[in-house]
Novice: 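Structure in structure tokens, see below.
A note on names: the letters A, B, ... follow the listed sequences, proteins ahead of strands, and every chain is numbered from 1. Excluded from the calculations below are hydrogen atoms, water molecules and symmetry mates; all remaining heavy atoms, backbone and side chain alike, are included.
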Amino acid sequence: MHFIEGISNFEGQTVNLKGWIANKRSGKGLFFIVLRDGTGFIQCIVDQNSVDEATFNNATKIGLESSVEIEGQVVKDERQIGGFEIQVSKLNIYQVAEEYPIAKKEHGVDFLMDKRHLWLRSKKQWATMRVRNKVIYNIHRFFQKNGFMQMDSPIFTGNAAEGSTTLFETDFYGEQAYLAQTGQLYGEAMAMALGRIYTFGPTFRAEKSKTRRHLSEFWMIEPEMAFYDAKMNMDLIESFIKSVVKRTIEECKTELETLDRDTSLLQKLTETSFPRMSYTDAVAIIKGEKDVEGRNAIKLLEEDLGQVKQEITDKEAEIEEREAKINAGGMKKGEVNFNRNKIDTLKAEIKELKEKEENIPQWLESARNFQFGEDFGGSDETVLTRLFEVPIMVYNWPKKIKAFYMKEVDDDPDFVQGVDVLAPEGFGEIVGGSVREEDKEKLIAQIKVHDLPMEAFEWYLDLRKYGSVPHAGFGLGLERLICWICNTKHIRESIPFPRMYGRLFP
RNA sequence: UCCUCCUUAGCUCAGUUGGUUAGAGCGGUUGACUGUUAAUCAAUAGGUCCCUGGUUCGAGCCCAGGAGGGGGAGCCA
């Protein structure tokens with residue numbers, strides 16, 4: 001048995017492949033079959049003249065996603081994507097699949113989500129899952145190579161760590177328990193035992209968010225480091241993201257090509273320092289009061305709006321032009337179809353642009369009226385990151401909008417040493433981190449201010465009682481990182497079986 | 001919880017001012033074609049127009065309520 005990945009090593013030899021029919025076209029006495037085996041895709045030629053009758057009959061019978069065993073010779077062919085194809089000598093059927101529901105055409109989201117178990121076989125989903133695998137591997141690799149210990153935090157938790165509104169409740173032998181929304185507090189305990197650790201596990205949020213960047217169940221990586229300060233924390237985040245992105249784009253060239261991902265900006269960030277700015281400066285930039293290298297966030301967005309409007313006009317004109325051509329007649333059927341498909345694509349693009357056209361004025365409005373001291377909304381992130389091509393780090397946040405465990409800025413107790421990393425290209429927040437408060441009394445005061453149940457934090461306060469040290473850490477959302485690397489618009493495509501508000505099956 | 005959009009063939013969508021028998025492409029089936037890249041060409045089958053009620057001589061289209069879904073706000077990774 002051979003695999004499509006690495007088939008180039010077998011040029012001229014006979015190989016045995018097992019897989020599924022991803023596509024099939026026919027000519028007279030000839031079938032073109034695209035076989036997929038999980039490792040890749042390859043075209044296989046069944047020529048009536050060079051196979052036995054049983055094989056040719058089998059080739060006639062099989063439809064999309066039928067499972068087969070193919071024996072044939074590996075032949076170099078520049079026309080093919082992988083550069084090789086298989087001249088089939090034998091084809092055996094495992095099972096003939098009848099009327100596979102996912103056609104070689106575009107489908108709606110709802111339909112595809114209902115068929116998620118099958119959708120995973122499609123090329124782009126396949127590519128995304130392969131990138132996901134590499135991202136996970138490279139995350140472990142980075143930490144393991146740098147002396148971190150992987151530790152698992154519990155999924156059942158007895159008390160709400162940061163307020164209970166966003167937690168899933170469950171029954172734990174008659175006691176009320178919650179599914180963890182973060183493993184951080186446990187991570188801190190483990191850092192005091194092992195120095196530098198990272199958790200890598202599922203996290204649960206019961207927010208009723210129906211947006212393209214939220215899941216109810218997602219995977220989070222949370223490193224925690226004893227004796228780290230704010231700068232060390234930011235340095236680590238930066239080298240971590242650079243390492244994972246660099247290795248992943250190197251190791252997933254085919255997959256990212258399949259996803260039509262332009263990797264030039266990802267390439268660029270691996271050799272550029274991430275801009276770092278305080279919350280105060282970031283607010284000035286969002287409000288248009290401060291320029292970055294001569295560019296103004298508000299003005300830039302206004303220009304974008306003009307451009308969007310122009311694009312809509314252009315695309316509408318193109319649709320009319322194509323429709324006129326079709327209506328004029330005398331066009332071959334293939335050409336008509338081509339034009340109709342183009343029109344469909346254009347319509348979808350216009351829909352998206354119109355959404356943008358509607359949103360930008362709202363974003364501008366909200367950016368201009370931004371109240372200092374508030375948290376960034378999704379649109380504020382977009383306005384800010386529009387000025388940059390690489391991730392940016394925003395540090396020193398207002399104390400009242402951040403979690404109770406964050407440590408104050410030394411000379412300004414209204415601010416805390418938190419840091420958020422915002423990805424470019426509109427992907428928004430992918431990392432949130434901070435230096436943790438190590439002083440027991442200050443921590444107790446903060447628990448009171450946030451109105452949290454003190455008894456739930458007895459064990460946590462012990463960490464500040466027995467050998468408390470400065471320490472810091474951060475949390476990274478795996479799916480958001482994958483979306484950014486793959487340029488995936490909806491987070492539900494970055495995880496095999498997404499769990500989100502309104503979606504529990506399949 | 002709020003705002004907004006959508007629901008017509010297996011799938012993606014048209015459907016004019018409310019008017020006779022509901023439209024296309026893809027997919028399926030049958031046939032044609034020796035190199036296709038979502039192949040192409042011909043023929044063919046395929047409908048509870050989301051549900052309930054209302055207005056009307058007449059509703060896919062108008063009105064009310066409901067269900068399901070998309071996008072967004074809040075919240076966040």
Novice: Under 6.0 Å from the CD atom of Glu11(A), do we count more than 12 heavy atoms belonging to anything else shown?
Specialist: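 Enclosed.
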
Novice: Would you check if there is a donor-acceptor pair between the side chains of Gln417(A) and Arg436(A) at a distance under 3.5 Å?
Specialist: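 No donor-acceptor contact under 3.5 Å links the two side chains.
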
Novice: Salt-bridged, Lys287(A) to Asp380(A), with N to O below 4.0 Å?
Specialist: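 Between Asp380(A) and Lys287(A) there is no salt bridge, as every charged N stays at least 4.0 Å from the carboxylate O atoms.
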
Novice: Given the P atoms of rG60(B) and rG18(B), what is the spacing between them in whole Å?
Specialist: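 Approximately 13 Å lies between the P atom of rG60(B) and that of rG18(B).
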
Novice: May I ask you to say what Val431(A) touches in the nucleic acid, namely base, sugar-phosphate or nothing, with a heavy-atom cut-off under 4.0 Å?
Specialist: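 The answer is sugar-phosphate, as Val431(A) gets under 4.0 Å only of primed atoms, P, OP1 or OP2.
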
Novice: Compare side-chain N and O positions of His490(A) against OP1 and OP2 of rG71(B) and report whether any pair is under 4.0 Å apart.
Specialist: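 His490(A) to rG71(B) OP1/OP2: side-chain N or O found under 4.0 Å.
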
Novice: Classify Leu476(A) by what it touches in the nucleic acid, base, sugar-phosphate, or nothing, heavy-atom distance under 4.0 Å.
Specialist: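 Contact class for Leu476(A): none.
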
Novice: Kindly check if the number of other-residue, nucleotide or ligand heavy atoms within 6.0 Å of NZ (Lys402(A)) is above 12?
Specialist: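 Yes, enclosed.
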
Novice: Over how many whole Å does the gap from Ile430(A) atom CD1 to rA77(B) atom P extend?
Specialist: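 Answer to the nearest Å: 12 Å.
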
Novice: Does the base of rC76(B) carry an N or O that pairs as donor and acceptor with the side chain of His214(A) under 3.5 Å?
Specialist: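 A donor-acceptor contact between them is present.
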
Novice: Regarding Arg36(A) and the six-membered ring of Phe41(A), is the cationic atom NZ or CZ under 6.0 Å from the ring centre and inside 45° of its axis?
Specialist: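 No cation-pi geometry.
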
Novice: rG68(B) and rA32(B): how far apart are their C1' atoms, nearest whole angstrom?
Specialist: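 Here rG68(B) and rA32(B) have their C1' atoms 44 Å from each other.
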
Novice: Hey, which of these two, Phe32(A) or Asn359(A), hits RNA chain B nearer its 5' end, going by closest nucleotide?
Specialist: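 Per heavy-atom nearest nucleotide, the more 5' residue is Phe32(A).
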
Novice: With rounding to the closest Å, how many angstrom separate the P atoms on rU40(B) and rC26(B)?
Specialist: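 About 7 Å, rounded to a whole number of Å.
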
Novice: Can you tell me the Watson-Crick or wobble partner of rU40(B), both distances under 3.5 angstrom?
Specialist: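 Paired with rU40(B), as far as the under-3.5 Å criterion goes, is rA32(B).
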
Novice: Please pick, from rG71(B), rA77(B), rC33(B), the nucleotide with the shortest atom-to-atom distance to any side-chain atom of Ser26(A).
Specialist: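 Of all the options, the side chain of Ser26(A) is nearest to rC33(B).
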
Novice: What's the CE-P distance between Met113(A) and rC6(B), to the nearest Å?
Specialist: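 It is 23 Å, rounded to the nearest whole Å.
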
Novice: What is the separation between atom CD on Glu479(A) and atom P on rC76(B), rounded to the nearest whole Å?
Specialist: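 Rounding to the nearest Å, CD of Glu479(A) and P of rC76(B) are 19 Å apart.
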
Novice: When rounded to the nearest 0.5 angstrom, what is the spacing between CH2 in Trp484(A) and CZ in Arg261(A)?
Specialist: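 Interatomic distance, Trp484(A) CH2 to Arg261(A) CZ, rounded to 0.5 Å: 8.5 Å.
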
Novice: Can you tell me which nucleotide in rC76(B), rG70(B), rA77(B) comes closest to the side chain of Glu429(A)?
Specialist: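 Among the listed nucleotides, the one closest to the side chain of Glu429(A) is rA77(B).
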
Novice: Phe111(A) near the nucleic acid: base, sugar-phosphate alone, or nothing, with a heavy-atom cut-off under 4.0 Å?
Specialist: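 The answer is sugar-phosphate, as Phe111(A) gets under 4.0 Å only of primed atoms, P, OP1 or OP2.
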
Novice: At 4.0 Å (heavy atoms only), tell me whether Leu215(A) reaches a base, stays on the sugar-phosphate, or touches nothing.
Specialist: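 It contacts base atoms.
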
Novice: Can a donor-acceptor pair be found, under 3.5 Å and without considering hydrogens, that links the side chain of Arg499(A) to the backbone of Leu215(A)?
Specialist: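 Between the backbone of Leu215(A) and the side chain of Arg499(A) there is no qualifying donor-acceptor contact (under 3.5 Å).
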
Novice: Name the closest nucleotide to the Asp375(A) side chain, picking from rC11(B), rC76(B), rG71(B).
Specialist: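 Closest nucleotide to the Asp375(A) side chain: rC76(B).
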
Novice: With P as the reference atom in both, quote the distance from rU29(B) to rA45(B) in angstrom, rounded to an integer.
Specialist: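 Their P atoms lie roughly 16 Å apart.
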
Novice: Does the side chain of Gln73(A) pick up a donor-acceptor pair with the side chain of Ser89(A) at under 3.5 Å?
Specialist: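 The answer is no; no qualifying pair exists.
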
Novice: Whole-Å distance between rC76(B) P and Glu374(A) CD?
Specialist: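 These atoms are roughly 12 Å apart.
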
Novice: Check whether the side chain of Arg480(A) and the base of rC76(B) form a donor-acceptor pair under 3.5 Å.
Specialist: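 Counting by modelled atom types and ignoring angles, a donor-acceptor contact under 3.5 Å is found here.
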
Novice: From C-beta outward on Glu85(A), which listed nucleotide comes closest to its side chain: rA73(B), rG35(B), rC11(B)?
Specialist: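 Closest nucleotide among those given: rG35(B).
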
Novice: Taking atom types as modelled, find out whether Tyr501(A) and His214(A) have a side-chain donor-acceptor pair closer than 3.5 angstrom.
Specialist: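 There is no such pair between these side chains.
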
Novice: Looking at rG72(B), I'd like to know if its phosphate oxygens (OP1 or OP2) sit under 4.0 Å from a side-chain N or O belonging to Arg212(A).
Specialist: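 It does, given that an N or O in the side chain of Arg212(A) lies less than 4.0 Å from OP1 or OP2 of rG72(B).
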
Novice: OP1 or OP2 of rU36(B) less than 4.0 angstrom from a side-chain nitrogen or oxygen of Asn23(A), does that happen here?
Specialist: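 No.
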
Novice: With no angle test and no hydrogens, is the base of rU34(B) tied to the side chain of Gln48(A) by a donor-acceptor pair under 3.5 Å?
Specialist: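 No, the side chain and the base share no sub-3.5 Å donor-acceptor pair.
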
Novice: Between atom CG in Leu118(A) and atom C1' in rC11(B), what is the gap in whole Å?
Specialist: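 So the two atoms are 14 Å apart, to the nearest Å.
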
Novice: Counting side-chain heavy atoms from CB outward, which of rC75(B), rG71(B), rU1(B) is closest to Lys208(A)?
Specialist: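 My answer, after comparing the listed nucleotides, is rU1(B).
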
Novice: Please give the distance between the P atoms of rC13(B) and rC57(B) as a whole number of Å.
Specialist: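 Rounded to whole Å, the distance is 37 Å.
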
Novice: Going by modelled atom types, is there a donor-acceptor pair between the base of rG68(B) and the side chain of Asp110(A) at under 3.5 Å?
Specialist: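 For Asp110(A), whose side chain was compared with the base of rG68(B), there is no donor-acceptor pair (under 3.5 Å).
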
Novice: Using heavy-atom distances to pick each residue's nearest nucleotide on RNA chain B, tell me which of Met220(A) and Met500(A) is more 5'.
Specialist: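 It is Met500(A) whose nearest nucleotide is closer to the 5' end.
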
Novice: Partner of rC62(B) by Watson-Crick or G-U wobble geometry, both contacts under 3.5 Å, or none?
Specialist: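 Matched rC62(B) with rG54(B) under the 3.5 Å cut-off.
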
Novice: Assign Gly502(A) to base, sugar-phosphate, or nothing according to its heavy-atom contacts below 4.0 angstrom with the strands shown.
Specialist: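 Sugar-phosphate contact only.
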
Novice: Can you check the distance between rU7(B) and rC50(B), where both ends of the measurement are the P atom (answer in whole Å)?
Specialist: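 Going atom to atom, P in each nucleotide, I get 8 Å.
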
Novice: When the distance from CZ of Phe56(A) to P of rU34(B) is rounded to whole Å, what number comes out?
Specialist: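 Checked: the CZ to P distance equals 12 Å.
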
Novice: Measure the distance from CD1 on Ile401(A) to P on rC75(B) and round it to the nearest whole Å.
Specialist: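 In whole Å, rC75(B) P lies 9 Å from Ile401(A) CD1.
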
Novice: Say you pick atom P in rA9(B) and the same atom in rA77(B); how far apart are they, in whole Å?
Specialist: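 42 Å, rounded to whole Å.
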
Novice: Can you find a donor-acceptor pair, distance only, under 3.5 Å between Gln87(A) side chain and rG35(B) base?
Specialist: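 Indeed, a donor on one side and an acceptor on the other fall under 3.5 Å apart.
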
Novice: Side-chain N or O of Arg25(A) versus OP1/OP2 of rA39(B): is the shortest distance under 4.0 Å?
Specialist: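 For rA39(B), OP1 or OP2 has a side-chain N or O of Arg25(A) closer than 4.0 Å.
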
Novice: Is there a Watson-Crick or G-U wobble partner for rA67(B) with both distances under 3.5 Å, and which nucleotide is it?
Specialist: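 Here rA67(B) is engaged in a pair, and the nucleotide opposite it is rU7(B).
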
Novice: Heavy atoms under 4.0 Å, any strand shown: does Arg503(A) hit a base, just sugar-phosphate, or nothing?
Specialist: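 Arg503(A): no heavy atom of the nucleic acid under 4.0 Å.
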
Novice: Over all strands shown, is Asp77(A) touching base, sugar-phosphate only, or nothing at heavy-atom distances under 4.0 angstrom?
Specialist: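 The answer is base, as Asp77(A) lies within the cut-off (heavy atoms under 4.0 Å) of a base atom.
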
Novice: I need the CD1-P distance between Ile42(A) and rG35(B), as an integer number of Å.
Specialist: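 Computing the Ile42(A):CD1 to rG35(B):P distance gives 21 Å.
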
Novice: Using a heavy-atom cut-off of 4.0 Å across all strands, would you classify Gly108(A) as base, sugar-phosphate, or nothing?
Specialist: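 Sugar-phosphate contact only.
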
Novice: Do the side-chain N or O atoms of Arg205(A) get closer than 4.0 angstrom to the phosphate oxygens (OP1, OP2) of rG74(B)?
Specialist: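 Negative; the distance criterion is not met.
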
Novice: Which nucleotide sits closest to the side chain of Ile491(A): rC11(B), rC75(B), rA77(B)?
Specialist: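 Nearest listed nucleotide: rA77(B).
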
Novice: When both hydrogen-bonding distances must be under 3.5 Å and the geometry is Watson-Crick or G-U wobble, what is rU16(B) paired with, if anything?
Specialist: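 Looking at the geometry, rU16(B) pairs with no nucleotide.
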
